[in-house]
Novice: 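Structure below; questions to follow.
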Amino acid sequence: MTTADIAYLGTCMGPPAGCDSDTGNSGTDDGGTDEDSGSETSDDPGGVGGFDGLDLKAEVQFLDGEFVVSELLIATALTDAKGVTEDGTYAVQLSDTLGTPYGFEIDGVSAGNLGDVLGLRDGDVIVEIAGLPTASHADLLAVAATLFNSDRASMVIERGGSPFIQRYRRGL
């Protein structure tokens with residue numbers, strides 16, 4: 001499997017209904033936690049790993065139908081890959097039964113972590129960001145290049161099989 005950040009980007013060869021991130025097969029969460037990572041998180045006021053003490057809930061606000069993300073959080077996420085990884089939210093690349101990738105399924109969202117404050121839920125499938133497809137790792141690199149200096153972006157997310165648009169902007 002391949003790893004990258006949001007934290008984990010791997011391949012799932014299961015149906016769109018979901019994949020088990022540990023095996024790459026369809027399945028459900030075993031209810032376990034990833035607390036034994038060997039990293040210190042005691043200076044994180046929210047009790048969520050990573051981002052060295054940033055209160056993520058204070059760094060993202062929902063205003064006028066958009067998630068407004070602080071410049072501090074953006075800068076920190078760009079420079080603290082370890083913090084992003086320790087946060088707990090990850091994405092698994094999904095492929096159909098023919099092996100064609102079509103999006104990334106989010107998992108590991110918990111109260112106060114990055115996925116939570118960005119409005120994501122376990123099982124969300126991100127299929128497009130800023131008008132660009134997110135079917136493959138190469139697509140994500142193109143998205144990252146596009147977003148680097150963007151003030152606004154939208155994501156097409158499938159939740160429970162129904163697509164919707166979630167909007168983000170820089171601010172705070």
Side-chain angles (χ1 to χ4, degrees), residues 1-12 21-22 33-94 101 103-157 165-172:
M1 286 191 218
T2 313
T3 59
D5 292 318
I6 270 187
Y8 171 81
L9 298 177
T11 302
C12 168
S21 62
D22 292 330
T33 64
D34 296 327
E35 293 175 353
D36 190 22
S37 65
S39 61
E40 288 293 322
T41 59
S42 61
D43 55 351
D44 178 13
V48 176
F51 296 113
D52 288 330
L54 272 184
D55 178 2
L56 297 180
K57 289 182 181 182
E59 300 302 325
V60 179
Q61 295 180 10
F62 190 76
L63 302 169
D64 300 322
E66 296 178 308
F67 288 88
V68 182
V69 183
S70 75
E71 292 293 336
L72 176 61
L73 178 56
I74 292 167
T76 302
L78 289 172
T79 59
D80 184 9
K82 181 180 177 194
V84 174
T85 302
E86 291 175 352
D87 174 73
T89 304
Y90 60 92
V92 177
Q93 183 181 20
L94 300 177
F104 288 86
E105 182 176 14
I106 300 297
D107 203 358
V109 177
S110 62
N113 77 357
L114 187 58
D116 178 48
V117 300
L118 293 176
L120 300 172
R121 296 183 188 165
D122 284 352
D124 283 354
V125 178
I126 299 172
V127 296
E128 182 180 293
I129 300 174
L132 299 170
T134 58
S136 69
H137 294 98
D139 290 343
L140 292 181
L141 291 174
V143 166
T146 300
L147 293 179
F148 190 71
N149 291 313
S150 297
D151 289 329
R152 285 185 147 67
S154 60
M155 277 197 307
V156 176
I157 299 170
I165 297 174
Q166 198 149 281
R167 294 177 185 2
Y168 299 87
R169 70 176 163 93
R170 290 177 184 254
L172 301 180

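Heavy atoms only: backbone and side chains are in, while hydrogens, waters and symmetry mates are out. All residue numbers in this chain count up from 1 along the given sequence.
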Novice: For L132, check side chain to side chain contact (heavy atoms under 4.5 Å, CB included) against everything at least two apart and list the hits.
Specialist: V143, T146
Novice: Ignoring hydrogens and angles, tell me if any N or O in the side chain of N113 forms a donor-acceptor pair with the backbone of G88 under 3.5 Å.
Specialist: no
Novice: Atom CE in M155, atom CD1 in I126: separation rounded to 0.5 Å?
Specialist: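 It comes to 4.5 Å.
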Novice: Can any side-chain N or O of D122 pair as donor or acceptor with the backbone N or O of V109 at less than 3.5 Å?
Specialist: yes
Novice: Looking at residues at least two apart in the chain, or sitting in another chain, which of them share a side-chain hydrogen bond (donor to acceptor under 3.5 Å, both in side chains) with S70?
Specialist: E59
Novice: Under the criterion side-chain contact (heavy atoms from CB on, under 4.5 Å), which of V156, I157, T134 is the partner of I129?
Specialist: T134
Novice: Is any side-chain heavy atom of T76 less than 4.5 Å from a side-chain heavy atom of L72?
Specialist: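 Answer yes - side chains close enough.
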Novice: If you compare all heavy atoms of P101 against all heavy atoms of A135, which two are closest, and at what distance to 0.1 Å?
Specialist: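 Closest approach of P101 to A135: CB-O, 2.8 Å.
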Novice: According to salt bridge (Lys or Arg N to Asp or Glu O under 4.0 Å), who are the partners of R170, at least two apart in sequence or on a separate chain?
Specialist: E71
Novice: Sub-3.5 Å donor-acceptor pair from the side chain of Q166 to the main-chain atoms of L118, do we have one?
Specialist: yes
Novice: Mind listing the closest non-hydrogen atom pair of S154 and I165 along with its distance?
Specialist: CB-CG2, 3.7 Å
Novice: Do the side chains of L73 and L54 get nearer than 4.5 Å, heavy atoms only?
Specialist: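 Side chain of L54 against side chain of L73, heavy atoms only: contact under 4.5 Å found.
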Novice: Check Q93 against S136 and note the closest heavy-atom contact, atom names and distance.
Specialist: NE2-CA, 3.4 Å
Novice: Listing request: all salt bridge (charged side-chain N to carboxylate O under 4.0 Å, His left out) pairs with a residue in residues 123-152, at least two apart in sequence or in separate chains.
Specialist: E66-R152, D124-R159
Novice: Please report the closest heavy-atom contact between A153 and L147, naming both atoms and the distance.
Specialist: CB-CD2, 3.4 Å
Novice: Report the residues that fulfil ring-ring contact (aromatic ring centres under 6.0 Å, His included) with F67, sequence neighbours left out, ordered by chain and then residue number.
Specialist: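 ring-ring contact (aromatic ring centres under 6.0 Å, His included) list for F67, sorted by chain: F62, Y168.
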